[in-house]
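After the structure tokens below, expect a handful of questions from me.
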Amino acid sequence: MENYTLPKKQAIIVFFVFAFGYFLSCLLRAITATLSPVLTSEFNLLAADLGLLAGGYFLGFACMQIPLGYLLDKYGPKKIVSSFLFIALVGTGSFALAESFSGLLVSRILIGVGVSACLMAPLTGYRIWYAENQQQRANSWMLMIASLGFLSSTLPVQLLLPSFGWRWIFGGIAILILISIFFMLVFIPKWNLTKNKELEEPSNTGTLSEVWKNRFFISVIPMGLFNYGGLMAIQTLWAGPWMTRVAGYTPLQSATGLFWINVTMLVSFFLWGYFLPKISGIGFTAKKILKLGLPISFSVMFVIILLGPKAGAYYITLFILSSIFLSVTQPAVGLSFSGYSAGKALTSFNLLIFAGTFIMQWLMGLVIDIVKGMGHTEIFAFKSAFSVFLILSIISYIFFLILNRKKYENKT
């Protein structure tokens, strides 16, 4: 496929405009980890309630992925992401005004729906506007922006809480979303697929069924649900409660720990994005990176479970850092399909990630409540929840290895 590329200056502007929207998306995604103590206290939430509330974002996000793929392929990133962000604006405002758990949950779902295009829109655009060898780098640097959003949801939010309260913090985020919409409308190029000869061919229908029947895509389905989804569940929610309820951190210490976790991830994704094209150039395909890298993260999670209260922010950071290899999966999925199907492929995999995050956030909360209800300590309950995640991740990894035993042609 012959991609046409934007001029360098315009490509940089487009990246930063998309990055600002994605930053806000990730800030909203992870903010519940920092706010969990105050929300739990104010609304008398159980662990399962907290997991459901945090997961509501991912439920709304996941529900939009399949229609989003069709919309992005047809109308392009500019129209879709700016329109969806209006929904996020409404959800963020209603969250700030919510007076009950149900109000919080509905608002959280609306936020998830509204920001559901903030990563898929740029990745779909990059598939056409950026040269192929730069797409892995752009993806990794978008994940660096995600880490910046997660970072901003930790210590900065914790420090603002006493002065402004969580409701005014959400009001401020709503204003930033409005600014992001303006930037999207002004700076993102119009969608003109006719510049790509392959997309002019009527035979290139790019159906959704072709995506879900692709061998590589099938092999990463469990990985997207459980490995990636569980990683996101821990990073955006359960890392905070683990540090306060298991490791004995204060809320401020927990927020500080989350802050440094995301500082580490920000730097790591920047370096990973810089070196990844070079690593790929010497023969390390996405499949090989996943095969060799994921067992490292499994080992770290096993150590965290064994250490329990002794596994604080340092070990959580090490686990999330060792899971960086998962980042190659999404662009590899995109490169497995033509530009006409890129939106459908990317959003289909994103559906798996965010449905998995919703499932794992809620499931881990349920495991914690059930184990505590059986008379065990909270520490044992958290270790049990993390063990369930580890077991599901290993099973998914084995499934990936089985389906990729034989060599077959694709661009991964």
Testing Leu237, Leu52, Leu59 for side-chain contact (heavy atoms from CB on, under 4.5 Å) with Trp362, which one passes?
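Among Leu237, Leu52, Leu59, the one meeting side-chain contact (heavy atoms from CB on, under 4.5 Å) with Trp362 is Leu52.
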Between Thr317 and Trp260, does a side chain to side chain donor-acceptor pair (under 3.5 Å) hold up when you go through it step by step?
CA-CA 8 Å; Thr317 303; Trp260 287 111; over 6 Å; no
Between Tyr397 (side chain only) and Lys291 (backbone N and O only), is there a donor and an acceptor less than 3.5 Å apart?
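Answer holds: yes.
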Is the distance between the ring centroids of Trp242 and Phe386 under 6.0 Å?
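Yes, ring centres under 6.0 Å apart.
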Phe302, CZ: over 12 other non-hydrogen atoms inside 6.0 angstrom:
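It does not: Phe302 CZ has 12 such atoms or fewer within range.
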So, taking the atom named CD1 in Ile111 and the one named CZ in Phe61, what distance separates them when rounded to the nearest 0.5 Å?
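Taking CD1 in Ile111 and CZ in Phe61, the distance rounds to 12.5 Å.
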Do Ile368 and Trp238 come within less than 4.5 Å of each other through their side chains, counting heavy atoms only?
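With C-beta onward as the side chain, the pair touches.
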Find the distance between CD1 (Ile80) and CE (Met184) and round it off to the nearest 0.5 Å.
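Here the rounded value is 12.5 Å.
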Verdict with reasoning, Thr264 to Tyr314, per side chain to side chain donor-acceptor pair (under 3.5 Å):
CA-CA 10 Å; Thr264 303; Tyr314 170 79; over 6 Å; no
Is Leu119 close to Ser25 at the side-chain level, that is, under 4.5 Å between some pair of heavy atoms?
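A side-chain contact is absent here, since even the closest heavy-atom pair is not under 4.5 Å.
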Please verify the inter-ring angle class for Phe18 with Tyr126; under 30° counts as parallel, over 60° as perpendicular, anything in between as tilted.
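Perpendicular.
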Are the aromatic ring centres of Phe16 and Trp141 under 6.0 angstrom apart?
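Judged by ring-centre distance (under 6.0 Å), Phe16 and Trp141 do not meet the cut-off.
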Out of curiosity, Thr377 OG1 to Lys372 NZ, how far, rounded to the nearest 0.5 Å?
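So the OG1 of Thr377 and the NZ of Lys372 are separated by 9.5 Å.
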Set of residues satisfying side-chain contact (heavy atoms from CB on, under 4.5 Å) with respect to Ser297, sequence neighbours excluded:
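Per chain and number, Ser297 pairs via side-chain contact (heavy atoms from CB on, under 4.5 Å) with Leu294, Phe319, Ser322, Ser323.
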If you round to the nearest 0.5 Å, how far is CD1 of Ile145 from CZ of Phe20?
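If I round to the nearest 0.5 Å, the distance is 11.0 Å.
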Ser219 OG to Leu290 CG distance, which is reported to the nearest 0.5 Å
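These two atoms lie 8.5 Å from each other.
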Can you name the side-chain contact (heavy atoms from CB on, under 4.5 Å) partners of Leu45, sequence neighbours left out?
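Per chain and number, Leu45 pairs via side-chain contact (heavy atoms from CB on, under 4.5 Å) with Leu39, Thr40, Phe43, Asp49, Leu50, Leu53, Phe101.
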Nearest 0.5 angstrom please: Phe164 CZ to Phe170 CZ, how far?
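It is 15.5 Å, given to the nearest 0.5 Å.
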Got a sec: does the CH2 of Trp168 have more than 12 other heavy atoms crowding it under 6.0 Å?
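Result for CH2/Trp168: open.
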